[in-house]
Amino acid sequence: MPYTFQTVPQISVQAGANAQLGQLLAQRFRPGRVMLVTDRFLVTSGLIAPGLKSLQEAGWEVMVYDEVQADPPDHVVRAAAEKARAFGAQVVLGFGGGSSMDVAKLVAVLADSSQALESMYGIDQVQGARLPLIQIPTTAGTGSEVTPISIVTTGETTKSGIVASQLYADMVILDATLTTGLPPAVTAATGIDAMVHAIEAYTSRHKKNPLSDHAATRALALLSSNLLTAVKHGDDLRARENMLLGSMLAGQAFANSPVAAVHALAYPLGGHFHIPHGLSNALVLGQVLRFNAEAAAPHYAELAEIVMPGASGSVEARAAAFIARIESLVAQTALPMRLRDHKVPESMLERLAADAMLQQRLLMNNPKDVTEADALAIYRAAY
Ligand SMILES: NC(=O)c1ccc[n+]([C@@H]2O[C@H](COP(=O)([O-])OP(=O)(O)OC[C@H]3O[C@@H](n4cnc5c(N)ncnc54)[C@H](O)[C@@H]3O)[C@@H](O)[C@H]2O)c1
Ligand SMILES: [Fe+2]
């Protein structure tokens, strides 16, 4: 089978890079007007300050847009793009978690285009070029820095994806010092999100290929062996850099071999209850792995080798051991693991199952078909 693997052209991995942002950008761009897309915490916490200072010293005129909200709603995307246009931004820099990076991608597209945001949802619907785009993740989770995907909350509760090659950044900077202050619960949830990207890319039904497999397995090895250290010893820079590298590799994997039912069932939880993206993945992960176990057994057995080297026994036994190992890792992060722990009313499970069915873009990649009744049974088991 022929296949294509695409990713961003430049990835710099450098602890402390934020304080040298001016010099790093000089490799590619002449100083001009740059818009930083971020959220308020990253400004008030002082995390962004060294980067800002370095850019200004290098001659950049900087505008900071810090109104990104988690699970960004479409009106935030439009407002940010409007600000970029008014400022005359020449370069867009996403600085933050997946929410900030996803908004930055769309700002880079919209600032230079008359196409309406509504007409961009789906796959390859974006027309024309975008402004130069740099991404700096401050969580080790979404891998958004290397994906051609933006997830936007549309209406009150629905999360919709825009997938287009224009959303690949020009330059990615991984600076692990930015992530050492991530609180344990955020470290755990975002790290589990990254593990799910690697697992779902590896078992994806249509576009899985040797290069996405390579990225996914390397990602899962790094993530599974560093997650608990990063959760328990946040200032361990080596573990933090491994998590950042793992989440980036997982992003490369699922950018080319898309995610599936875990994400499809997680999105309605984010949409209705604002449960953070990584946590909503964690809440349904174990049950979806069990649901997939038979269909995905050969792949799960291969992944068992990664998370528990030397695993032995039949394919089914290794697949079961893989699922148990992932569930145990998730349990050791100490996140409250049942839907009921997060104030999800039991009466909403049917609505969640109906909404999950809207995510056909993702469900079609699952190793096994998922009906609405299946989705409901998974939510009930996770309740
Ligand atoms: N584009 C993609 O490929 C892709 C993939 C997966 C998820 N997503 C989307 O990404 C979003 C989730 O992103 P996320 O999980 O990175 O979280 P996020 O960007 O929503 O941020 C969550 C919280 O963490 C805080 N935070 C970020 N960095 C921090 C740091 N270094 N220290 C302390 N706090 C910090 C933020 O201020 C925010 O309050 C969702 O909207 C999800 O749908 C996108
Ligand atoms: Fe995700």
Side-chain angles (χ1 to χ4, degrees), residues 7-8 18 37-48 51 66-74 76-77 94-106 135-154 158-164 167-169 174-201 230 234-235 240 243-244 247-248 250-256 258-271 274-282 284-285 359 362:
T7 192
V8 302
N18 185 33
V37 178
T38 188
D39 69 39
R40 197 145 304 146
F41 172 80
L42 294 166
V43 176
T44 55
S45 64
L47 266 182
I48 213 167
D66 67 357
E67 288 168 50
V68 172
Q69 301 163 20
D71 303 311
D74 47 8
V76 165
V77 173
F95 188 103
S99 300
S100 294
M101 292 191 287
D102 283 5
V103 174
K105 290 175 189 181
L106 294 174
Q135 297 282 28
I136 305 183
T138 64
T139 61
T142 68
S144 174
E145 66 275 15
V146 289
T147 72
I149 306 167
S150 274
I151 309 291
V152 179
T153 303
T154 49
T158 308
K159 295 192 80 172
S160 307
I162 296 173
V163 185
L167 303 189
Y168 278 116
L174 302 185
D175 176 357
T177 64
L178 293 170
T179 64
T180 50
L182 262 181
V186 184
T187 303
T190 50
I192 291 166
D193 182 31
M195 290 206 302
V196 175
H197 296 154
I199 296 167
E200 295 209 288
D235 57 356
R240 291 294 194 179
M243 290 301 290
L244 212 42
S247 72
M248 191 273 290
Q252 289 181 322
F254 90 89
N256 292 280
V259 293
V262 179
H263 274 75
L265 270 72
Y267 281 145
L269 292 169
H274 297 290
I275 297 174
H277 174 73
L279 181 56
S280 37
N281 271 289
V284 294
L285 172 60
Q359 303 290 340
L362 305 175

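Numbering of ligands and ligand atoms starts at 1, following listing order.
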Under 3.5 Å, side chain of T153 to main-chain N/O of D71, donor-acceptor pair present? yes

Side chain T190, main chain G278, donor-acceptor under 3.5 Å: no

Quick one: does any side-chain atom of E145 pair with a main-chain N or O of Q135 as donor and acceptor, under 3.5 Å? no

So NE2 of H277 and NE2 of H263: to nearest 0.5 Å the spacing works out to 3.5 Å

For T38 and F95, indicate whether the former's side chain and the latter's backbone hold a donor-acceptor pair under 3.5 Å. yes

Does any N or O in the side chain of Q359 come within less than 3.5 Å of the main-chain N or O of L265, such that one atom is a donor and the other an acceptor? no

If you measure only the distance, is there a donor-acceptor pair under 3.5 Å linking the side chains of S144 and D102? yes

Can you tell which of L285, I275, D193 makes a side-chain contact (heavy atoms from CB on, under 4.5 Å) with S280? I275

List of N/O pairs, ligand 1 versus protein, all under 3.5 Å?
{"residue": "ligand 1", "atom": "1 (N)", "partner": "D102", "partner atom": "OD1", "Å": "2.8"}
{"residue": "ligand 1", "atom": "1 (N)", "partner": "D102", "partner atom": "OD2", "Å": "3.3"}
{"residue": "ligand 1", "atom": "1 (N)", "partner": "S144", "partner atom": "OG", "Å": "3.4"}
{"residue": "ligand 1", "atom": "1 (N)", "partner": "I149", "partner atom": "O", "Å": "2.8"}
{"residue": "ligand 1", "atom": "3 (O)", "partner": "T147", "partner atom": "OG1", "Å": "2.7"}
{"residue": "ligand 1", "atom": "13 (O)", "partner": "G98", "partner atom": "N", "Å": "3.1"}
{"residue": "ligand 1", "atom": "16 (O)", "partner": "G98", "partner atom": "N", "Å": "2.8"}
{"residue": "ligand 1", "atom": "16 (O)", "partner": "T139", "partner atom": "OG1", "Å": "2.8"}
{"residue": "ligand 1", "atom": "19 (O)", "partner": "G98", "partner atom": "N", "Å": "3.2"}
{"residue": "ligand 1", "atom": "19 (O)", "partner": "S99", "partner atom": "N", "Å": "3.1"}
{"residue": "ligand 1", "atom": "19 (O)", "partner": "S99", "partner atom": "OG", "Å": "3.4"}
{"residue": "ligand 1", "atom": "20 (O)", "partner": "S99", "partner atom": "OG", "Å": "2.6"}
{"residue": "ligand 1", "atom": "28 (N)", "partner": "T138", "partner atom": "O", "Å": "3.4"}
{"residue": "ligand 1", "atom": "28 (N)", "partner": "T138", "partner atom": "OG1", "Å": "2.7"}
{"residue": "ligand 1", "atom": "31 (N)", "partner": "T138", "partner atom": "O", "Å": "3.0"}
{"residue": "ligand 1", "atom": "31 (N)", "partner": "L178", "partner atom": "O", "Å": "2.9"}
{"residue": "ligand 1", "atom": "37 (O)", "partner": "D39", "partner atom": "OD1", "Å": "3.0"}
{"residue": "ligand 1", "atom": "37 (O)", "partner": "D39", "partner atom": "OD2", "Å": "2.9"}
{"residue": "ligand 1", "atom": "41 (O)", "partner": "D71", "partner atom": "OD1", "Å": "3.3"}
{"residue": "ligand 1", "atom": "41 (O)", "partner": "K159", "partner atom": "NZ", "Å": "3.4"}
{"residue": "ligand 1", "atom": "43 (O)", "partner": "K159", "partner atom": "NZ", "Å": "2.8"}

With 2.8 Å as the threshold, which protein atoms of type N, O or S lie near the Fe ion (ligand 2)? Leave waters out. D193 OD1, H197 NE2, H263 NE2, H277 NE2

Apply side chain to side chain donor-acceptor pair (under 3.5 Å) to R240 and T177, showing your working. CA-CA 8 Å; R240 291 294 194 179; T177 64; over 6 Å; no

